[in-house]
Structures are given as C-alpha cells and as structure tokens.
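Okay, structure first, notes after.
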There are 4 protein chains.
Amino acid sequence: MKKREVIASVKDEKLVKKRRNEMIKGAISLFKQKGFHQTTTREIAKASGFSIGTLYEYIRKKEDVLYLVCDRIYDEVRERTEQDLGAHHGTIEGLRRAIAHYFRVVDELDDEVLVMYQEVKALSKESLPYVLNKELDMAAIFEHILRACVENGALQLSESEIRLFAHNIVVLGQMWAFRRWVLRKMYTLDEYIELQTEFLLKGIMEKQRV
Amino acid sequence: MKKREVIASVKDEKLVKKRRNEMIKGAISLFKQKGFHQTTTREIAKASGFSIGTLYEYIRKKEDVLYLVCDRIYDEVRERTEQDLGAHHGTIEGLRRAIAHYFRVVDELDDEVLVMYQEVKALSKESLPYVLNKELDMAAIFEHILRACVENGALQLSESEIRLFAHNIVVLGQMWAFRRWVLRKMYTLDEYIELQTEFLLKGIMEKQRV
Amino acid sequence: MKKREVIASVKDEKLVKKRRNEMIKGAISLFKQKGFHQTTTREIAKASGFSIGTLYEYIRKKEDVLYLVCDRIYDEVRERTEQDLGAHHGTIEGLRRAIAHYFRVVDELDDEVLVMYQEVKALSKESLPYVLNKELDMAAIFEHILRACVENGALQLSESEIRLFAHNIVVLGQMWAFRRWVLRKMYTLDEYIELQTEFLLKGIMEKQRV
Amino acid sequence: MKKREVIASVKDEKLVKKRRNEMIKGAISLFKQKGFHQTTTREIAKASGFSIGTLYEYIRKKEDVLYLVCDRIYDEVRERTEQDLGAHHGTIEGLRRAIAHYFRVVDELDDEVLVMYQEVKALSKESLPYVLNKELDMAAIFEHILRACVENGALQLSESEIRLFAHNIVVLGQMWAFRRWVLRKMYTLDEYIELQTEFLLKGIMEKQRV
DNA sequence: TATGAATGAGCTTTCATTCAT
DNA sequence: GATGAATGAAAGCTCATTCAT
C-alpha cells in the first residue's frame, strides 16, 4: 500500500524531511506525556523548535502530525525488528531469537508503542488504513519466519495457524508495553521474554491434540 | 479497591441509577463512533434523552462520563464471564470452557471492549487506578481457574506462570476486539476460539522443555 | 416614597414575613463573603433553611433578594441611629452624640453597610430609586438635627449647607466601613469618632471666613 | 508595591500597549452602563474593536480586564490631580487649589470613579491589594500637601490628623461621583467645591476646642 | 521561507427559573 | 405550601487554522 502523502507548502524536500523529523520528535515527546488531543499545535511547534506558522508550512492539519508520528513509530519498530534477522532463518532457534529481539525493541520503544496504540483511533477514516497496514507488515515479518520454519520442516502449521500465531507474537510483544503498569511489577524484561517465548513455542510446536 | 464516587446533585438514588444507565448507554454508542474527545457533552445529553442541564445534575465533569462508562464495561465483561463458571472447575475442560465463554463475551461486547481499550488513557490520574484495578480483576478470574487446575494436579505451573498466562488469556481475548479489522477477515469466531484455545492450552500444558 | 412590592406566591402574610427574615439573614451572610453575583439562588435557599422551590414561593427573581437585603440593611441602620436621639435635641451636644451614635452603628453593622454599598448598583433600574431614597432618609435624620440646632441658634447654616453637611456626616460614617482596610490600622473606633467629630463640628460651626 | 503583571500571549510590547488601551476604553464604557458582571467578554471584545480570540491574546481571564481598568482609572485620577501642584505648595492657598483641582478631576472622570468604586470588590484576592494600594497613593498626595503646610506653620496638625484629613478630602471628592444622583440636583460643581472647601478648611484649620 | 497576530466556531460548565408531584 | 428534578440560554475560554508581513 502506498504511503498517504502529507502535503507541505515548502518545496525543498531536504528541508521538509529535516523539519518533519524535528516535528515528529517533538510531537512524540508531547504525546507520551499528554496524548494527542491534549496537545496543542502551538505546543508541537514549540517543542519542534519553530513557530506555529512554520509548522503549518509542513502539514495541512493537526491530524497530519499524528499520522506522521504513527507512521514513523511503526517504521522504527519494524526496521529495528528486521535487523539481525538473517542468522538461523527457518529454524526454531531463529524464531526464538526473532521473538526475543522484537520484545526488546518493544521494551526500548515502549512509550512510542503505547502512544501509537492509544492514538490510532484519533486518525481520520482516510489515514487509518495506511497505518493499520503497517500493523499487518509487522505481522508479516513473523509470518515469513514461521513459513520458513514450516518449509524447513521445523514446524507443522497450516496457513491459518501461521497467520494467527504471527499476530499472537506481535500482540504479546505489545502487551509488554500496554500492560507495563502491571507486568513490570511482576517480571524483569528477561523473565518476561523467557516465559513468553516458552509459552509461544510450546503453543506453536506440539502437534498432538491436547 | 473502593469505587471512585461520581457525585450527583440529584438526591434520589433510584433516579440517579436510572439516569446514569441511560447516560452510559448513550455515551457508549457515541464513543464507539467518534471516541471520547470527539464527543461533546451536548451529544451525550441528547443521546441519553435529556438536556445538557440534566446531564450535569448527574455528573460533575465530562470525564465522569468516561469513568462511568469504563467502570460499567469492565463490570459487564467480568460479570458475564463469571457466569456459568461453576461446572468442571479445576479441570482442563473447565478452563477450556471458561476461555471459550470469555471469548464469546468479548465478541458480543466488542464495541464496548474497544471503547474501553482506546479511551482509558483519557481518564485523569485520579480515575485511572480504579479502572486499571478492574483489569486486574479480569485477570484474577483466570488466575483463580488456573490455580484450581494446579491444585487438582491437572496443570503444573509456577505462581509466576499462572499470573502471566492469565494475562495472556485476557489479552488474546481482547485481541479479537481490537484486531477485529483483520481477524474477522480471516476467521469466524468459532475458528478463532478453536485455534486460540488449542494454542493457549498447549502453551500452558506441556511440561517438557522445547 | 412607597415601598416597591416584592410579590410572593404564598398568601399567609405571617409566613411570608418569617420566611423572608430567614432569607435576608441567610443572604446577607453569603453576600458578605462572596458578593451578590457570586452567590447562587441555591446557596441562598440552603442558607435560609429551605429548598430552591420554596425560595421562589417568596420572591420572583434573584434580584428581589438583593432588594430585600438592601431594604433591610438601610432600615436597620436608620432605626438604630434614630434610637436615643431625643436627649439634647437641637444642641451641639445632641449633634455630637448623634454623630457618635451613628458611627457606632456603622461599626456594628460594617459588613452590612459594605454589602449595601457594593451591591446597590446590581439592582435593576426599577428597584434602585426605592433604595436610593432610603439613603436620603438617612441624610434626612441629620438634616433634621442640624435644622433644629439652627432654629435654636446653636448653629448658623444656610439650607444648602444643612443638606450638604448632613451628607458629609453620613458619608464619613460609611467611610469607616468601606475604608476599614486602612482606617482600622490607624485608629480605634473611639479615636476615629473623636477625630472626625472634632473635624465635622469645626467645619460646621465656625462663622468667620477662612 | 510592584504592579501585578497581566500576562499576554502576544510578544510585541508596543502592540500589547495599544490593544490594551483599546480594551480598557471599550471596557470602561461598558462597565459604566452595566457593571462588570453584566458585561460579557464578547461585548468587551466587540467594544474594543477585535474578536473574542484576540481579546484573550492580551489577557488570561475576564478579571484581568477589570484589573487593568481599575489600574488605569486610578493612574488617570492621580496623574491629573498631581498636575499643577507646584504653585503655592505648603500654603493654605495651595491646599485650597489642590482640593478644587482634584474635585474637578473627579467631576470629569465621574463615570470612571464610579466604576472603580463599585467594581473593586469584584477583583480577586490577588489583585485587590495592588488596587487598594493605589487608593493609598491618592491619599498620600494630600498627606504630602498637608504635611508641607504643617512644616511651613500654616497648619497645626498631628500626624494622625494629617492622615485622616487626607482620606476625608479624597472621600468627599469621590462623593461627588458616587452621590451625584442627589448632589447634582442640589449644587453645581462650583457650588459644591466652594462649600466643601470651606467645610474642609475650617475643619482642618481651627485650633481652639469646640 | 518564517513568523505570530488574528480569528471565531465550538467547547464545557453554570445557574436562574419552572413546574409536576 | 414545599420540594427538587429538569431545563436551556448564556457565559468564559480554547485552539486549529489562516494570512499579511
């Protein structure tokens, strides 16, 4: 799916990229604290280091900021997760490592993941599909890994199961962010990864009917 | 944890209960469509069947409506889930049925679950703990069931695992609501229940190290 | 000037008198603290010991309360001032005593005097004349005394001077109430009375051109 | 006492000064007619020649307008009164002229004086001291004059008397504004000045006990 | 390209007043 | 006569967005 274009008045593309980076950085730190609706465009401009007038040279509506922020966070999570994915591809060990790696990414970006989670619904009907599609891209990473394991004979899963388990992995990772208020009291990140990985793998691997 | 009191000007407690029910019903249907922030107090009053002035006889601030709504939804989900929990208690079959039952409750109340999920963060620092505590109560239901299975020898789990798995069950249930935009394209409710129950039980039951 | 009638729905005149007394008492204590505009009708009802519905059985508009309050305060000040006025009538000593007596009344009722002073302008164009007329009645007391002194030969004043000096006495008395924030730091009531009486009498008595 | 700062969002100080002047002018004319509480912020904005949004770029709360208005009026009265004070300083003639001059200022600014008089109490606990302090500054002008007369031997007054008489002068001047509904029917401004000046001076000058 | 003053629709909340019980 | 739930006009204030400089 093609990116939704956020239209800027400024023509210089380098500048647009630079300013939007500043903007996204400023906005995320504000959204973390107060959420999208409680944050004013003036605050975003200030946190970004420019005036309200300039802000509107790079976006058309306040919602554009949210779109850019969500877009960026998804990319960040996905890109980081995809790093170091090469080794052990198509093996259980490879899957185990991918899960652990992804969980650590969520831990590092937990504020961002939370922001994204709590604010997507504020996106307009037009922007939403683009962002939800990114959610699918995340799942696709794990679908890809699972499918490779199946092809290698390391796992035996139907296509249906592959897709569901991929979502399960993604969601149980996000859960570390959106239930952190309780989970962090009970587990360290390492414990969480250890327990959930065992849980996931057992759920995925065994063939015999329970 | 004691309920946070929402103060009403009206004295007649019966009436307060009745009006608040109307209010909560009206508000949920609006929050579903547009979210808490996009919904005006006037819209809430109208959807509840009374005037803006009357609305404010039963609450103090707009946020009170959100609190009442979240409070209600949690209670609803919990109460319904706790129904029919008696039979097969402490057995794998009992656990299986509880999961299925809970997933069906989420399906029936999917809009409500979504609302709650996306709007809790709009609650004030004062209200939040009360609502998050209800989230814990939900997990406690499954902790209770799992613990009974362990006591009966049907499962072998550490306390740590019990608590984590309980959260996993709760979250994978909610997932049917908050990822319905993709999951419903792929599975019927029955398929979802079937697949996830297998997944969960296998993840929980097996003893041998993977 | 005839009293402006405040219409009551209740017919029993005894009851109207009783309830209005409660109302005026309650209202004054509220107006002292927060002023007329900041006081709600509900607060007045509560402070008066009855319900908002009952309050409106005895008045027509919120402003009626203010009218009744101002009316009452003026009467109170005037009545108390007129007490013990008999002795030494028409002599300088009588005048001196009247002034002192009036100043003491203002001191006792200083909150009330202040309320009246600061809230009259909130009265409607219809009520205002009735209340201002009471202000004239106050001045008339001293005009009467001064005139008696003139008739007795104790003072030599033109009609013009009599009227002005009467107002001066009234205002310098009120001044003890409305400038109390500064005057009380500088003088005791007795000192104030002593100094102002000397000042007033000298200003009134001397004949030779300065 | 330092001025209480009213915070503006607009940075350009020249503009702030200009807009606030327009605002004060507009507000005074409204407060004259209807009083502070009966005047809406929208009316103030309109009378000032700008939109409600713009109004709030120059103040934070409605009360700020009242503060600015009171502040301005006091300054205006004081500044005008202090003009032409040089000649005859420290003589009875100088005092006589100062009184007359001040009374004429009150006459010119009678609406303003009335507004200030009736609305100060609407100021918040925070603003009030700043404004009352200005009232003291007014009295200080006459204290200064009286003290000079005493030093020159033109008058014989204790410090206590100086301070009280200064207040008397100020109040009897304001009286021309707040009792104008009756005084103007009885006297022209010149007559009022003539009569009150005689009264004041006699009250101040004579030494022999009455 | 950058700025920030200006705008006004629209929001939450209050409160005098009414009227069925 | 007494009550208090219901009403809705109207208030203060905010903030996304525009546009002249």
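In what follows, chains carry the letters A, B, and so on, assigned in the order in which the sequence lines appear, proteins first and then strands, with residues in each chain numbered from 1. Bear in mind the structure is a predicted one, so any value in this text is a computation, not a measurement.
A 6.0 Å sphere centred on NZ of C:Lys17 holds no more than 12 heavy atoms belonging to other residues, nucleotides or ligands. In this structure, B:Lys46 places its NZ atom where only 12 or fewer heavy-atom neighbours from other residues, nucleotides or ligands lie under 6.0 Å away.
Judged by Watson-Crick or G-U wobble contacts below 3.5 Å, the nucleotide F:dA20 has E:dT3 as its partner.
Atom C1' of nucleotide E:dG10 and atom CD1 of B:Ile52 are separated by 13 Å, given to the nearest angstrom. One interatomic measurement links the two molecules: CG of C:Leu55 to P of E:dT18, which rounds to 12 Å at whole-angstrom precision. When the P atom of F:dA11 is taken as reference, atom CD of D:Glu43 falls 7 Å away, rounded to whole Å. Look at NZ on B:Lys61: it is 17 Å from P on E:dC11, rounded to the nearest Å. Taking atom CZ on A:Arg42 and atom P on E:dT3, their separation rounds to 14 Å, with Å as the unit. Taking atom NZ on D:Lys11 and atom C1' on E:dA2, their separation rounds to 14 Å, with Å as the unit. Following rounding to the nearest Å, A:Glu57 (CD) and F:dT21 (C1') show an atom-to-atom distance of 13 Å. If you take NZ of B:Lys62 and C1' of E:dG10, they are 12 Å apart, rounded to a whole angstrom.
Between A:Phe50 and D:Phe50, the residue whose closest nucleotide on DNA chain E is further toward the 5' end is A:Phe50. The 5' end of DNA chain F is approached more closely, in terms of each residue's nearest nucleotide, by D:Glu63 than by the other of D:Glu63 and A:Ile59. The 5' end of DNA chain E is approached more closely, in terms of each residue's nearest nucleotide, by D:Ser9 than by the other of B:Tyr56 and D:Ser9.
Each of C:Lys61, C:His37, C:Glu119, C:Met116 was checked for a side chain to side chain contact (heavy atoms under 4.5 Å, CB included) with C:Leu66, and the lone residue meeting it is C:Glu119. Between A:Tyr58 and the choices A:Val65, A:Leu15, A:Ile7, the side chain to side chain contact (heavy atoms under 4.5 Å, CB included) rule is met once, by A:Leu15.
If you check every strand for non-hydrogen atoms under 4.0 Å, B:Thr41 touches a base. Using a 4.0 Å heavy-atom criterion, one finds that A:Ser51 contacts the bases of the nucleic acid, with or without backbone contacts as well. Using a 4.0 Å heavy-atom distance criterion, B:Thr54 is classed as a base contact.
Donor-acceptor pairing under 3.5 Å, judged by distance alone, is absent between the side chain of A:Arg60 and the base of F:dT18.
Scanning all heavy atoms of the two residues, the minimum distance from A:Val6 to A:Arg20 falls at O-NH2, 2.7 Å.
In this structure, C:Tyr58 does not reach the F:dG1 phosphate: none of its side-chain N or O atoms is under 4.0 Å from OP1 or OP2.
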